[in-house]
Amino acid sequence: MNAVMRLLEDLAYRGLIYQSTDQEKLDERLEREPIVLYCGFDPTADSLHIGHLLPILMLRRFQQYGHQPIALVGGGTGLIGDPSGKATERTLNTKEVVEGFSNKIRTQLSRFLDFEKAENPALLANNHDWLGELDLISFLRDVGKHFSLNYMLAKESVNSRLEKGISFTEFSYMILQSYDYLELHRRYGCELQVGGSDQWGNITAGTELIRKSDNKSDDLFGLTIPLVTKSDGTKFGKTEGGAVWLDADKTSPYVFYQFWLNTDDADVIKYLKYFTFLSKDQIEDLAQTLETAPEERKAQRTLAEEMTRLVHGEAALSRAQNITAALFQGKVSSLTASEISEGFQDVPSSTIEGIELPLVDVLIQVGAAKSKREAREFMQNGAVTVNDERVTDTSILVNTLKAIDDKFLVIRRGKKKYFLAALS
RNA sequence: GGAGGGAUACCAAAGUGGCCAACUGGGGCGGACUGUAAAUCCGCUGUCUUCGACUUCGUAGGUUCGAAUCCUACUCCCUCCA
């Protein structure tokens, strides 16, 4: 039986605590009564990506333990730009763009939290609501007065940029984030802010501000989450196509599933702890299996399954699994046309006009090759497969190939890159 | 301000009149092996109408039958001296 762990104990087991304000006090506070906590997400793109996942899940973990999470969309701070973790000044997005991003992100966030829960429903807020109508004089008098320049300059996010340069705009960011914390504290009694490891400076600036402006003693907390790393030293969260987004239109559930499935042995247990809600016992079991039967890749399968279900839902998961099964077990040609158009929605595809085309041209059209030269090279290397049949003849025409239901060519290049060509 | 050195394909780095589409290493991509792994081995890595042709070696001109290689100007970078 899995013993019920205290929240902080659970987080510690999962390695999810990087830095924290007085942990003993926080533990006491969490055990005493539900806490209101928040985490902010700035709209810097039209979707969140898996780098945002840990903070989101952190809110969810707290909610599971009976606490009340607030997901804050940075509709205001997103107009300013956080210098934390950034080497250079960023260009500003227009208000319209940021507003568009905010809406998308708000929708995404809402999928991960329970807003209906009776006791401790999650809340969604947008700091544009208060930052947008802040007037300059009151801001400088009421908020700015509590920040000393020395304190601000000493912050890593600012200090590291003094050489390269930082605008007043980004310099002021920490004050705005601090003000968010203050505002949420006043409105909802928020006492804890969580964030990525680069947010420590901004978080402590916030607790500082609340203490000073509201004369609070010491009951304000901050918690940061470690940066996710990969054992091979490459950056976590990137695939060939770039970032792994949470938006199904930007990163298909199939690609998302594959991303997790391809996790290295050395990282998979760590990720199970970080990203899933599996119990300690379940994770230890998987660790055991990884030792004894690594080829089963049960840990990776479980991880991919849990994550895809969590982010995209049960239906998308089974679709991703179906595609995976067909693609990696060489059963593509046994699929029917309707199964293919259903299953290959997530695969780059293209419609072929005229069946007299050389296959070489088709490879370029679907994106399997950059040039004809490269296309021929792939074929000569035996890298190209059409409907499971290896094709090495570089002069072959499309109409001599057997299409599935006279309609589809499933083209594979290399071991796992698939492309779909539909004959018109 | 003065003196010298350099700019070559994704990166690093050879090449100093024809044998250069350009040595080599890294990276990347393919293949074999395998667990859709790691390690290893093999192949490819300018483009095309592929036994051939065309466009590339900072930019623009010039010399020559022929230039990445020589000359001129320009741009940028580095080092040393002031």
Inset, instruction - Would you kindly give the NZ-to-P distance between A:K372 and B:C54, to the nearest whole Å? - result: 19 Å
Legend entry - Per-nucleotide protein contact string for nucleotides 32-44 of chain B (B base, S sugar-phosphate only, - none; heavy atom under 4.0 Å): SBBBBS------B
Inset, instruction - Just grab all the side chain to side chain donor-acceptor pair (under 3.5 Å) pairs involving residues 287-301 of chain A, residues at least two apart or on different chains. - result: A:D265-A:Q300
Inset, instruction - Return the value, rounded to whole Å, for the distance between atom CZ of A:R412 and atom C1' of B:C29. - result: 15 Å
Inset, instruction - Could you check which nucleotide pairs with B:A3 in any of the strands shown, counting Watson-Crick or G-U wobble with both distances under 3.5 Å? - result: B:U79
Legend entry - Pairs meeting criterion salt bridge (charged side-chain N to carboxylate O under 4.0 Å, His left out) with involvement of residues 92-104 of chain A, two or more places apart: none
Legend entry - Pairing partner (Watson-Crick or G-U wobble, both distances under 3.5 angstrom) of B:U40: B:A32
Legend entry - From A:I352 atom CD1 to A:D361 atom CG, the distance as rounded to the nearest 0.5 Å: 9.0 Å
Donor-acceptor contacts under 3.5 Å from residues 66-85 of chain A side chains, at least two apart:
| unit_1 | atom_1 | unit_2 | atom_2 | d |
| --- | --- | --- | --- | --- |
| A:H67 | ND1 | A:I35 | N | 2.9 |
| A:Q68 | NE2 | A:P121 | O | 2.9 |
| A:T77 | OG1 | A:D42 | OD1 | 2.7 |
| A:T77 | OG1 | A:N127 | ND2 | 2.8 |
| A:D82 | OD1 | A:S84 | N | 2.9 |
| A:D82 | OD1 | A:S84 | OG | 2.8 |
| A:D82 | OD2 | A:Q199 | NE2 | 2.9 |
| A:D82 | OD2 | A:N202 | ND2 | 3.4 |
| A:S84 | OG | A:N202 | ND2 | 3.2 |

Inset, instruction - Go through the structure and list residues passing side chain to side chain contact (heavy atoms under 4.5 Å, CB included) with A:L227, not counting sequence neighbours. - result: A:S197
Legend entry - Residues A:Q193 and A:Y181: side-chain donor-acceptor under 3.5 angstrom: no
Legend entry - Between B:C57 and B:G25 - P atom distance, rounded Å: 25 Å
Legend entry - Euclidean distance, atom CD of residue A:E374 to atom C1' of B:C48 [Å, nearest integer]: 14 Å
Inset, instruction - Starting from P on B:U45, measure out to CD on A:Q380 and report it in whole angstrom. - result: 10 Å
Legend entry - Base paired to B:A22 (Watson-Crick or G-U; both N/O distances under 3.5 angstrom): none
Legend entry - SB check A:E305 A:R309 (cutoff 4.0 Å): yes
Inset, instruction - Would you please indicate if the ring centroids of A:Y188 and A:Y38 are separated by under 6.0 Å? - result: no
Inset, instruction - Using the C1' atoms only, state how far B:A7 lies from B:G15, rounded to an integer number of Å. - result: 15 Å
Legend entry - Positions of residues 359-371 of chain A (non-hydrogen atom under 4.0 Å from RNA chain B), listed by number: A:S371
Inset, instruction - Counting Watson-Crick and G-U wobble pairs only, both distances under 3.5 Å, name the nucleotide matched with B:A60, or none. - result: B:U72
Legend entry - Side-chain donor-acceptor pair present, A:K155, A:T204, cut-off under 3.5 Å: yes
Legend entry - Mate of B:G27 where both pairing distances stay under 3.5 Å, Watson-Crick or G-U: B:U45
Legend entry - Pairing partner (Watson-Crick or G-U wobble, both distances under 3.5 angstrom) of B:A14: none
